[in-house]
S.K.: 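Pasting in a structure now, in structure tokens, and then I'll have a few things to ask.
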Amino acid sequence: MRINILGICGSPRKGNSEFLLKKALNYVSKLNSFDISTELYSFHNKEFKPCIACEYCARNAGKCIHNDDFSELKEKWLSADVILYSIPVYHMSMPGQLKCFVDRLGNSLFSTFKDIFKKEETDTLPKLLKVIGSISQGIHLFSGQEHAITDLINHALLMQCIPVTGDMWESYIGVSGWTGNNGKRSALKESFNEGVFDTCVAVKAAEKMALRAVEISVIIKSGIYQNKTYFTRQTHYLPLLEKISNELH
Ligand SMILES: Cc1cc2nc3c(=O)[nH]c(=O)nc-3n(C[C@H](O)[C@H](O)[C@H](O)COP(=O)(O)O)c2cc1C
């Protein structure tokens, strides 16, 4: 079973978020049991304008009126089976650039998939069932990591996807870390090399969460495909079923 993993680094710089994300992606790219492909998308030097509620996407099959990096990331997001977000905490939540992306993604997808529902239902999404894991780190301890992860879990649920965590004890709802009051972009890399306990825990949690995300995606994709006679009759599952069929043939 092929599993496409998209790592989305929500920091505008190449730093601590990217360090943890690379650890997670490297860990699962070595799995021999599945056909894994990994890609890291960075918000570094990217532009994501805010949604202006113009409803252009509603009238144009999901295409956004802004001309920036949104459509490229939207396509990558739609092609992925597993999405791992890795973000710095900004003001107790996710960075604004990423919030702009998820706002626009939500509204754009309603129109992208409108045709499959015909006139039966509007403003609904198919069950995309991408497995979504969240990594968040900040400069301080207890300074918004859980809030940021919860925001991404809510995003996963809204997008009809499956939020996933790593293993207890080091991962309750996702992966969280802190740089020990160090503002450098290399803070986590350095503390990991020095064997700092909290950073080693965050790395282990990121690796395990990526592994569990892959496993759950395999379970979901094979389960739907095995039962395709049933799921073909369920409109909500058609895009996922079509994606899996295309990959297999
Ligand atoms: C605008 C802004 C807001 C921030 N807000 C928080 C915060 O609320 N809590 C926190 O722990 N760190 C906060 N930070 C610090 C970053 O989360 C921290 O430096 C992180 O390690 C940066 O990750 P990066 O290297 O991937 O960019 C903030 C940084 C910026 C630039």
Side-chain angles (χ1 to χ4, degrees), residues 1-8 21 24-41 62 73-86 102 105-106 108-110 112-118 120-121 123-135 149-150 152-168 170-175 205-249:
M1 175 68 64
R2 181 167 183 79
I3 301 292
N4 299 317
I5 309 174
L6 176 64
I8 299 181
L21 185 55
L25 293 175
N26 286 344
Y27 187 76
V28 283
S29 65
K30 296 189 187 104
L31 285 175
N32 293 324
S33 308
F34 310 111
D35 179 12
I36 306 260
S37 80
T38 62
E39 179 177 359
L40 194 155
Y41 180 93
L73 184 53
K74 175 187 161 186
E75 291 314 313
K76 289 180 189 296
W77 194 97
L78 282 173
S79 303
D81 301 302
V82 169
I83 296 161
L84 300 177
Y85 287 105
S86 185
V102 298
L105 182 71
S108 163
L109 290 191
F110 287 127
T112 303
F113 292 110
K114 202 160 53 186
D115 285 354
I116 66 162
F117 293 108
K118 312 230 165 31
E120 295 159 28
E121 294 175 75
D123 289 350
T124 192
L125 286 180
K127 304 293 177 193
L128 298 174
L129 303 188
K130 298 172 191 309
V131 179
I132 298 188
S134 305
I135 303 169
I149 291 170
T150 307
L152 288 170
I153 290 173
N154 289 338
H155 151 68
L157 292 169
L158 281 179
M159 294 295 91
Q160 304 297 308
C161 294
I162 309 293
V164 69
T165 185
D167 299 335
M168 294 281 265
E170 68 272 7
S171 180
Y172 270 47
I173 60 168
V175 177
E207 292 174 343
K208 284 296 173 66
M209 188 177 71
L211 173 67
R212 301 304 176 210
V214 168
E215 292 166 350
I216 292 169
S217 185
V218 169
I219 292 166
I220 289 170
K221 289 180 79 177
S222 351
I224 289 204
Y225 197 70
Q226 290 266 320
N227 294 285
K228 59 178 182 296
T229 313
Y230 170 82
F231 284 112
T232 307
R233 297 194 300 267
Q234 306 296 324
T235 310
H236 281 82
Y237 294 90
L238 289 182
L240 178 56
L241 200 52
E242 192 181 25
K243 179 176 179 301
I244 299 168
S245 301
N246 289 342
E247 286 168 7
L248 291 173
H249 300 113

S.K.: Is there side-chain contact between Leu109 and Met159, with at least one heavy-atom pair below 4.5 Å?
M.R.: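 A side-chain contact under 4.5 Å exists here.
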S.K.: Report the residues that fulfil salt bridge (Lys or Arg N to Asp or Glu O under 4.0 Å) with Glu247, sequence neighbours left out, ordered by chain and then residue number.
M.R.: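 Lys221, Lys243.
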S.K.: I'd like to know if the side chain of Lys130 reaches the main chain of Leu78, judged simply by a donor and an acceptor atom lying under 3.5 Å from each other, with no hydrogens or angles considered.
M.R.: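 Yes, because the side chain of Lys130 sits within donor-acceptor range (under 3.5 Å) of the backbone of Leu78.
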S.K.: For Leu21 versus Ser86, what's the shortest heavy-atom pair and its separation?
M.R.: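 Heavy atoms of Leu21 and Ser86 come nearest at CB-CB, 3.7 Å.
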S.K.: Would you please test Thr112 and Lys74 for side-chain hydrogen bond (donor to acceptor under 3.5 Å, both in side chains) and show each step?
M.R.: CA-CA 11 Å; Thr112 303; Lys74 175 187 161 186; 3.0 Å; yes
S.K.: Looking at every non-hydrogen atom in both residues, tell me the closest pair between Val214 and Ile5 and how far apart they are.
M.R.: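 Taking every non-hydrogen atom into account, CG2-CD1, 3.6 Å.
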S.K.: Could you tell me if the side chain of Ile8 sits less than 4.5 Å from the side chain of Trp77, heavy atoms only?
M.R.: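 Heavy-atom side-chain distance check passes, below 4.5 Å.
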S.K.: Would you please name every residue forming a side chain to side chain donor-acceptor pair (under 3.5 Å) with Thr38, sequence neighbours left out?
M.R.: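 Counting only residues at least two positions away or on another chain, Thr38 forms no side chain to side chain donor-acceptor pair (under 3.5 Å).
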S.K.: CG/Asn246 to CD1/Ile244 distance, rounded to the nearest 0.5 angstrom?
M.R.: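 Asn246 CG to Ile244 CD1: 10.0 Å, rounded to 0.5 Å.
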S.K.: Measuring from Leu241:CG to Lys228:NZ, what's the distance to the nearest 0.5 Å?
M.R.: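 Answer for the CG-NZ pair, Leu241 versus Lys228, is 8.0 Å.
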S.K.: If you round to the nearest 0.5 Å, how far is CD1 of Ile153 from SG of Cys161?
M.R.: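 That separation rounds to 13.0 Å.
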S.K.: With under 30° as parallel and over 60° as perpendicular, where do the rings of Tyr85 and His155 fit, or are they tilted in between?
M.R.: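 Tyr85 vs His155 ring planes: perpendicular.
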S.K.: How many angstroms lie between CZ in Arg2 and CG in Leu248, if you round to the nearest 0.5 Å?
M.R.: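 If we round to the nearest 0.5 Å, Arg2:CZ and Leu248:CG are 11.0 Å apart.
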S.K.: Is there a side-chain contact between Ile149 and Thr165, using heavy atoms and a 4.5 Å cut-off?
M.R.: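 No, every pair of side-chain atoms sits at 4.5 Å or beyond.
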S.K.: Do Leu129 and Ile224 have side-chain heavy atoms sitting under 4.5 Å apart?
M.R.: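 The answer is yes; the side chains approach within 4.5 Å.
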S.K.: Scan Thr124, Leu128, Thr235, Leu238 and name whichever one has a side-chain contact (heavy atoms from CB on, under 4.5 Å) with Phe113.
M.R.: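 Exactly one pass, corresponding to Leu128.
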S.K.: By side chain to side chain donor-acceptor pair (under 3.5 Å), which residues pair with Glu207, not counting sequence neighbours?
M.R.: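 With sequence neighbours excluded, Glu207 shows a side chain to side chain donor-acceptor pair (under 3.5 Å) to no residue whatsoever.
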S.K.: Distance-only, no hydrogens or angles: does the Ser217 side chain make a donor-acceptor pair with backbone N or O of Ala213 under 3.5 Å?
M.R.: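 No; judged by distance alone, with no hydrogens or angles, the pair does not exist.
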S.K.: Grab the two heavy atoms, one from Pro126 and one from Gln160, that are nearest each other, plus how far apart they are.
M.R.: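 Shortest heavy-atom contact: O-CB, 3.2 Å.
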S.K.: First locate atom CZ of Phe117, then atom CG of Leu125, and finally report the distance between them rounded to the nearest 0.5 Å.
M.R.: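 One finds 7.0 Å between CZ of Phe117 and CG of Leu125.
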S.K.: Evaluate Lys208 against Ser171 for side-chain hydrogen bond (donor to acceptor under 3.5 Å, both in side chains), listing each step before the verdict.
M.R.: CA-CA 9 Å; Lys208 284 296 173 66; Ser171 180; over 6 Å; no
S.K.: Apply side chain to side chain contact (heavy atoms under 4.5 Å, CB included) to residues Leu73 and Leu6 and explain how you reach the verdict.
M.R.: CA-CA 10 Å; Leu73 184 53; Leu6 176 64; 4.2 Å; yes
S.K.: Measure from the side-chain N and O atoms of Ser29 to the backbone N and O of Asn26, and report whether any donor-acceptor pair falls under 3.5 Å.
M.R.: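 Indeed, once roles are kept as given, a pair shorter than 3.5 Å links the two residues.
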S.K.: Would you please name every residue forming a side chain to side chain donor-acceptor pair (under 3.5 Å) with Lys76, sequence neighbours left out?
M.R.: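 Testing Lys76 for side chain to side chain donor-acceptor pair (under 3.5 Å), a comparison that skips the adjacent residues, returns Glu39.
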S.K.: Report yes if the side chains of Ile132 and Leu152 come closer than 4.5 Å at any heavy-atom pair, otherwise no.
M.R.: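 Not in contact.
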S.K.: Spell out, as yes or no, whether a donor-acceptor pair under 3.5 Å connects the side chain of Asn4 to the backbone of Asp81.
M.R.: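 Judged by distance alone, no pair lies under 3.5 Å.
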S.K.: Which residues pass the salt bridge (Lys or Arg N to Asp or Glu O under 4.0 Å) test with Glu215, not counting sequence neighbours?
M.R.: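 Listed in chain order: Arg212.
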S.K.: Could you work out, with ring pair (Phe, Tyr, Trp, His ring centres under 6.0 Å) as the rule, every residue matching Phe231, not counting sequence neighbours?
M.R.: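 Residues passing ring pair (Phe, Tyr, Trp, His ring centres under 6.0 Å) with Phe231: Tyr237.
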